[in-house]
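Below you'll find the structure, written out as C-alpha cells, and then a few comments.
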2 protein chains.
Amino acid sequence: MKLITRNTDYALRAVCFMAKHKGKVVSVAELTRKLRVPRPFLRKILQSLNRSGILKSLRGQGGGFILAKDATQIFLMDIMRIFQGKLRLNDCLLKKLICPNKRSCPLRKKIAKIESYVLKELSAINIASLLE
Amino acid sequence: MKLITRNTDYALRAVCFMAKHKGKVVSVAELTRKLRVPRPFLRKILQSLNRSGILKSLRGQGGGFILAKDATQIFLMDIMRIFQGKLRLNDCLLKKLICPNKRSCPLRKKIAKIESYVLKELSAINIASLLE
DNA sequence: ACAAATGATACAATTATGGTATCATTTCTG
DNA sequence: CAGAAATGATACCATAATTGTATCATTTGT
C-alpha cells in the first residue's frame with residue numbers, strides 16, 4: 001500500500017520546483033520539460049493546487065503559476081489532503097462484529113493512535129524542508 | 001485512504017471468531033452465517049490464511065478451519081501482509097527529481113521514520129488483545 | 001486580432017479491489 | 001463402496017479508484 005499517490009507526488013515535485021525558483025512565474029510547458037510528467041495531467045494537478053490556494057495562477061500570454069505562500073507555510077499534509085482526501089486509517093472497522101462491544105472496540109483505539117501519530121508527522125513536514 | 005482493506009477486515013473477523021471458539025473446527029458455512037460476509041469470498045480468504053499458516057484446514061465432511069497457533073502469536077501485521085503485501089509508504093519517491101540529490105532525499109527519510117513506527121505498532125497488536 | 005497561456009470539464013485507459021463460479025480432491029458416514 | 005459434505009485451486013467477472021487525455025472557453029500581453 002502507498003501512503004502517497006501519484007498526483008500528490010507530481011504536485012510535490014511541481015511545488016518544490018517553484019519553491020526553488022521563488023518569485024518566478026512558471027508555465028506548465030516548462031514544468032513538463034523539467035519534471036517529465038504528462039502535460040495534461042500536470043495541468044489538472046496545478047489547477048487543483050490553484051483552487052486550493054497553494055498556488056496562484058496568471059492567465060494569458062506569459063502566464064503560469066507561482067507559489068501563493070512561503071514554502072515554510074505549505075505542508076505535506078495539505079497537499080495530500082487535496083488529492084487523497086482526509087487521512088482515515090480506520091474506516092473499515094466501523095462496520096460490526098469484529099469485537100463484541102462495538103463502541104469500545106480495542107482495535108479502533110489502537111488504529112486511532114497510529115493515525116494521529118501519522119497525521120502529526122505529516123503535518124509537520126513543510127516544503128522548505130524538502131529542498132535540500 | 002484506508003490502512004486496512006476489506007479482505008483483511010474479513011480475515012480479522014474470522015480469526016477473532018475462531019479465537020473465541022478455541023479448539024472448535026469451524027466451517028465456512030458457520031462463519032458465513034455468523035459474520036455475514038459473502039461466502040465464496042470468505043472461502044478464498046480462509047484458504048489464504050491456511051496457506052499462510054495462520055489457520056489449519058480439515059477437509060472432508062465435518063471439516064473446516066481452526067487456528068494454527070495461539071491467538072497471542074498471531075499479529076495484525078501478519079494478516080495485513082497476506083492480503084495487502086508489504087507496507088511501503090515510500091514507493092513513489094524512489095523515482096526522481098523531487099530533490100536535487102536523490103540518495104539522501106529528506107522526504108524519503110521522514111516517511112521511512114513514519115513507516116517504521118506504523119510497522120512497529122501494527123506488529124505489536126495480536127489477536128488475543130482484540131477479543132474483549 | 002492573434003497567440004499564448006490557464007479554467008473547466010468530459011471522457012478514456014489501466015489497475016486494484018471485491019466478489020463469483022466451477023471443478024477437483026479429500027474424508028466422514030451409512 | 002457410494003454419496004454427501006467439506007476444502008483446494010483457479011479462472012473469471014464487476015466495480016471503483018487511479019491515472020491519464022482531449023477539448024472548448026476565457027483571459028491577457030503584444
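Note that the structure is a prediction, hence the values are computed from the model and not measured. Only this structure's heavy atoms are used, side chains among them; waters, hydrogens and symmetry mates stay out. The chains referred to below are lettered A, B, ... by the order of the sequence lines, with proteins before strands, and numbering in each begins at 1.
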Gap between atom CE of B/Met18 and atom CZ of B/Phe65 - 0.5 Å precision
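Going from the CZ atom of B/Phe65 to the CE atom of B/Met18 covers 7.5 Å.
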
Below 4.0 Å: OP1/OP2 of D/dG8 and any side-chain N or O of B/Ser57:
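For D/dG8, OP1/OP2 do have a side-chain N/O of B/Ser57 under 4.0 Å.
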
Test item: B/Asn126 side-chain N/O and B/Ser129 main-chain N/O as donor-acceptor pair under 3.5 Å
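Looks like yes, one N/O pair under 3.5 Å.
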
So what does [X] touch, heavy atoms closer than 4.0 Å: a base, only the sugar-phosphate, or nothing?
{"X": "B/Gly63", "answer": "sugar-phosphate"}
{"X": "A/Arg39", "answer": "nothing"}
{"X": "A/Tyr10", "answer": "sugar-phosphate"}
{"X": "B/Leu46", "answer": "nothing"}
{"X": "B/Pro38", "answer": "sugar-phosphate"}

Confirm from the modelled atom types if A/Arg6 and D/dT19 form a donor-acceptor pair under 3.5 Å, side chain to base only.
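Between D/dT19 and A/Arg6, which were checked side chain against base, a qualifying N/O pair under 3.5 Å is absent.
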
Residue pair A/Glu121, B/Lys113: steps toward the salt bridge (charged side-chain N to carboxylate O under 4.0 Å, His left out) verdict:
CA-CA 9 Å; A/Glu121 292 291 318; B/Lys113 179 188 159 203; 3.3 Å; yes

May I have the distance from A/Ile45 (atom CD1) to D/dG20 (atom C1'), rounded to whole angstrom?
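Distance, rounded to whole Å: 9 Å.
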
Euclidean distance, atom NZ of residue B/Lys2 to atom P of D/dA16 [Å, nearest integer]
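Value for this atom pair: 12 Å.
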
Does the pair A/Lys120/A/Glu115 count as a salt bridge with the N-to-O cut at 4.0 Å?
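The answer is no: the pair does not qualify as a salt bridge.
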
